[in-house]
Every structure is written in C-alpha cells, then in structure tokens.
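For reference, the structure is listed below as structure tokens.
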Amino acid sequence: MKLWGGRFTKETNQLVHNFNASISYDQRFYRQDIEGSIAHVTMLAQQGIITSEDRFAIVNALREILDGIENKTLVISDEYEDIHSFVEATLIEKIGDAGKRLHTGRSRNDQVALDMRLYTRDEVRHTDELLKSLLEVILRIMEENTGTYMPGFTHLQKAQPITAAHHFGAYFEMFKRDRQRLSDIYKRMNYCPLGAGALAGTTYPLDRDYTAELLHFEGATLNSMDSVSDRDYLIEFLSALATIMMHLSRFSEEIIIWNSNEYRFVELDDAYSTGSSIMPQKKNPDIAELVRGKTGRVYGALLSLLTTMKGLPLAYNKDMQEDKELTFDAIDTTKGCIALFTGMIDTMKFNPQVMETSAKNGFTNATDAADYLVNHGVTFRDAHGIVGQLVLHCIEKGIALDDMPLEEFQAVSPVFKEDVYNAISLKTCVEKRLTKGAPSKKAMAEAIKACREYLDGSGIE
Ligand code: ARG
C-alpha cells in the first residue's frame with residue numbers, strides 16, 4: 001500500500017521497493033510518529049482546518065495504533081515503504097475518510113524531520129543520564145582514593161606521583177564536558193520543523209507555534225527549506241558521541257594496561273572479564289577492549305553522515321534517509337558502552353600496594369629532588385643537571401633515589417642535607433602539590449567538592 005500511487009501506471013519493481021524502503025529501521029520511531037500526528041491534528045482542529053469530530057476520531061485511532069504496536073497485537077508490516085505510510089494506512093483502514101485528513105498541510109519531509117528530532121531529543125537525554133551515572137561512580141572512586149598513590153605518566157613513562165583520585169578526576173572533567181556538549185546540542189535542536197511542508201510551507205493557516213508547544217519544543221523553526229533539510233543536529237550529536245567514545249576508549253586503554261600481568265594496578269571483577277578457550281590461566285579485559293574497538297564504528301557514523309550531506313542541494317533529498325541506520329547504531333553502541341564501562345569500573349578493585357611501589361620505583365620524585373635544590377639556592381637548570389647525574393648513579397646501582405646514602409647525594413652536591421629524604425618522599429611529593437587541580441589531598445578535597453556540586457545540580461532541563 002502506497003501513499004503516492006495516483007500518477008503511476010505500473011507497479012514498483014520489487015527490488016526498487018526494497019532498496020527504497022526504510023520501514024525496517026524507521027519503525028523504531030513509531031511512537032514519535034504517532035505523537036507528532038496527534039499534535040498535528042490537534043492544531044488542525046484548533047485552526048478549523050478539520051472538524052473536532054475528525055480530530056477526536058483520528059486521535060483515538062492513533063492511540064489504539066500506538067497501544068497495538070506496544071502490546072504487539074498490531075504488527076508493523078514491511079509491505080509499507082516507511083513507518084509514516086504504515087501508520088497512515090492503518091489509520092485509514094480503521095476510520096476511513098477522517099483518517100485521510102491526517103496528512104493535510106503536511107509532507108513526509110517535515111514529518112520525518114520531526115520524528116527523527118523527537119527520537120534524537122529523547123536519546124540525547126538518555127545518553128546524558130547514563131553519563132551522569134558514570135560520573136557518580138567516578139566520583140565515588142575519587143572520594144575513596146585520595147590517598148592511593150600511583151605514578152602519573154607522560155609518554156607512558158613514569159613522570160610524577162599522583163593518586164588514583166586525581167587520575168579519575170581527569171576523566172570526570174572529560175565526561176562533564178561531554179554532558180555540557182549534549183545539553184548545548186539539546187538546546188539548539190529543540191525547535192519544531194513540522195509545518196514546513198515539503199519545503200515551502202503550506203497555504204493552510206497552520207499554527208506552527210502551537211504544534212511546537214504541544215510537542216514541548218522551545219518554538220518552531222524559522223525557515224521551511226532549512227527545516228526539512230537540516231541534519232546538523234545529528235552531525236553534532238554524532239560528534240558528541242564520537243567524543244564520548246574517544247574518552248571511553250582512552251580510559252579503556254589505561255584499564256587494559258593497569259589490569260595487565262605486568263602492571264597489576266587493578267583487578268577487574270570476574271563478572272566483567274572473560275576467559276580463554278585454550279589457556280586456563282587467562283582472565284581477559286574484553287569489555288574494555290570492545291569499548292575501545294567500537295569507537296571506530298561511531299567515528300564511522302559521523303564521517304558517513306558528513307559525507308552524505310556534503311553535496312546535497314536544498315531542500316530534501318532521499319540521500320538523507322541514510323541518516324537513520326548509522327545514527328541509531330551510534331546511539332545504541334555509545335549507550336551500551338557507557339553502561340558496561342560504568343559497571344566495569346564500579347566493580348574493579350585497586351591494588352594500592354602495587355601502585356605505590358610502582359610510583360616509588362620510577363624516579364617519579366626526581367623533579368622534587370631538583371625543587372629541593374632550588375629551594376636551597378641552586379638554579380633550576382643546574383639542579384636539573386645534578387639530579388640527572390644522581391638518577392644515572394641510582395640506575396647503575398639498581399636503587400631508588402630515596403635509598404641512596406646521604407654521602408652519595410653530597411658527593412654530587414653538598415647542598416643536600418638529611419631533610420632531603422622527607423622532601424622527596426612519595427607522600428611529600430603528592431601532598432605538597434597544593435595548586436588548584438593538583439593531586440594533594442587538600443587540592444583534591446576542593447575538586448571533589450566542586451564535582452559533587454556540579455553533579456547534584458546537573459541534567460538537561
Ligand atoms: N523515509 C524517508 C526518509 O527517511 C521519509 C521521507 C520521505 N520523503 C520523500 N519525499 N520521499 O527520509
């Protein structure tokens with residue numbers, strides 16, 4: 001059953017129908033399609049374009065169709081081209097001529113623009129909620145680990161000591177920005193395209209602002225051609241999802257390294273690990289690896305849609321139908337990854353002893369030894385050279401700076417005194433870093449407080 005048979009004299013070729021049809025995937029927004037239609041006829045009746053009897057019949061029948069789909073008594077048939085055709089045909093079958101008035105002053109171009117926007121708007125919100133749960137877990141881990149020392153890395157080489165709280169705090173900031181991006185996108189996309197018609201509006205006296213209000217939009221879009229051909233909000237959303245995945249992927253990479261036999265900083269819970277079919281000893285971080293791996297397909301969706309859109313003349317072109325499968329896949333993938341990742345880190349255990357030993361063994365206090373000299377009048381550049389020599393000496397002896405006898409310190413620079421041991425202890429190295437955003441307990445307490453305040457007050461709308 002088609003919406004557009006009139007000017008055709010032949011049946012559509014079956015392969016053409018299959019190639020053209022979108023119902024296998026756009027049935028996902030049946031609810032949004034029906035809600036949009038209910039708002040549309042409510043507005044049509046208010047404007048006197050249809051009678052209130054027709055509105056009543058249409059709204060009731062649309063609600064029955066919605067219930068039918070939801071309780072599975074009504075099956076969405078793939079004989080139809082898309083979800084819009086299915087809903088309209090089912091409506092006409094139920095109530096006859098009144099149903100034929102539903103599409104007055106509307107095109108599938110503004111209809112699909114509306115449906116996709118409504119669907120995406122909900123998904124932006126869901127994604128934000130999942131990120132909020134992830135941030136709750138990250139914050140709990142931060143609160144519990146302000147004294148869990150570990151090496152901080154640059155170039156994946158031990159650099160300076162930090163704490164697990166500080167390291168997780170970095171990810172808190174990343175996912176916080178991701179949420180801010182989502183809420184910006186939400187605000188920008190929250191305008192209703194319905195009433196744009198095929199491209200040039202309509203001669204019926206529609207009240208577009210009323211339709212927008214019924215569907216909880218901020219207002220109606222301003223240009224009818226842009227309304228049916230704008231997919232910027234999807235590109236922005238895909239870009240935000242790609243950035244979330246990039247953050248999850250970096251975090252996953254670190255967890256894979258920390259969980260490795262060499263590092264043993266963390267241990268993943270059995271429920272979030274998998275085994276090997278041949279090697280009985282294995283416990284693999286597959287979830288983290290899959291999150292890292294799936295990042296590629298979300299990037300792919302973003303690039304696909306950018307490419308699909310780049311050559312399209314105004315206004316609607318069928319190419320735009322391609323926005324759906326890849327956006328749906330990117331949404332499902334990202335949401336799934338956030339949820340699994342949250343469970344994985346929520347159940348993960350730290351090995352604080354191993355982490356601390358690792359921080360002690362990598363000369364992560366070399367900067368602090370140089371700072372000690374600077375505090376005793378040596379220039380930083382000279383201090384850097386002196387400590388460099390000391391490190392070389394320690395490497396030859398196979399010991400840490402802290403384990404070197406005072407005479408050996410003094411042989412390189414007489415400035416060193418007994419108090420150097422305290423000055424370069426792991427605890428001092430971390431706790432003296434008091435600048436805003438640094439890892440000391442004191443600075444972290446401030447950061448944690450700010451994170452808590454942010455989290456309690458955050459959310460879309
Ligand atoms: N399935 C179509 C899409 O997703 C719906 C709009 C169809 N419009 C049209 N003029 N053929 O873009």
Side-chain angles (χ1 to χ4, degrees), residues 1-8 10-37 39-40 62 65 69 76-92 102-123 189 192-202 211 215 221 223-235 237-238 301 304-332:
M1 202 328 257
K2 282 191 187 63
L3 300 175
W4 41 261
R7 65 99 65 217
F8 288 78
K10 271 190 185 172
E11 277 303 301
T12 316
N13 174 299
Q14 188 58 42
L15 291 176
V16 171
H17 171 84
N18 297 348
F19 190 64
N20 193 43
S22 52
I23 193 151
S24 63
Y25 46 87
D26 66 18
Q27 58 179 276
R28 203 189 255 247
F29 48 54
Y30 68 86
R31 189 166 53 76
Q32 287 79 4
D33 191 76
I34 292 172
E35 282 167 4
S37 290
H40 182 63
L62 284 172
I65 294 173
I69 297 172
I76 299 176
S77 151
D78 62 9
E79 272 170 51
Y80 296 92
E81 185 180 330
D82 50 34
I83 188 66
H84 326 297
S85 317
F86 170 77
V87 172
E88 192 176 327
T90 313
L91 180 74
I92 294 169
L102 165 67
H103 210 53
T104 312
R106 189 174 72 171
S107 155
R108 273 185 301 163
N109 297 350
D110 59 343
Q111 188 178 359
V112 76
L114 171 73
D115 294 1
M116 191 64 181
R117 219 174 260 241
L118 287 172
Y119 182 86
T120 310
R121 193 173 67 168
D122 287 346
E123 292 297 339
M189 70 177 284
C192 182
L194 201 66
L199 75 161
T202 145
T211 316
L215 292 166
T221 51
N223 181 291
S224 60
M225 293 188 74
D226 180 53
S227 307
V228 291
S229 62
D230 167 32
R231 298 294 182 272
D232 290 4
Y233 69 100
L234 294 177
I235 290 169
F237 187 33
L238 288 174
S304 297
L305 188 56
L306 280 168
T307 312
T308 295
M309 294 304 294
K310 75 180 266 293
L312 298 188
L314 295 182
Y316 178 83
N317 300 270
K318 194 63 175 250
D319 315 45
M320 291 172 179
Q321 179 165 287
E322 285 295 308
D323 63 358
K324 289 172 198 65
E325 282 168 292
L326 47 93
T327 302
F328 295 155
D329 183 69
I331 292 171
D332 294 348

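Every value quoted in this text rests on a predicted model; they were computed, and no experiment measured them. Just so you know, ligand 1 is whichever comes first in the structure, and atom 1 is the first atom listed for that ligand.
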Worksheet item: Taking Asp122 as the fixed residue, which of Arg28, Arg31, Arg117 is the one that meets the salt bridge (charged side-chain N to carboxylate O under 4.0 Å, His left out) rule?
Response: Arg31
Discussion item. Closer than 4.0 angstrom, basic N to acidic O: yes or no for Arg108 and Glu81?
Written reply: yes
Item to complete: Can you measure from CG (Asp33) to CG (Leu118) and round to the nearest 0.5 angstrom?
Response: 9.5 Å
Worksheet item: With distance as the sole criterion, is a donor-acceptor pair present between the side chains of Gln14 and Asn18 under 3.5 Å?
Response: yes
Discussion item. Rounded to the nearest 0.5 Å, what separates atom OG in Ser304 from atom CG in Leu326?
Written reply: 5.5 Å
Discussion item. Ring centroids only, cut at 6.0 angstrom: are Phe86 and Tyr30 within range, meaning strictly under it?
Written reply: no
Filter the ligand 1-protein atom pairs down to N or O on both sides and distance under 3.5 Å, then list them.
unit_1, atom_1, unit_2, atom_2, d
ligand 1, 1 (N), Ser22, OG, 3.0
ligand 1, 1 (N), Gln321, OE1, 2.7
ligand 1, 4 (O), Lys324, NZ, 2.6
ligand 1, 8 (N), Asn109, OD1, 2.9
ligand 1, 10 (N), Asn109, OD1, 3.0
ligand 1, 12 (O), Tyr316, OH, 2.4

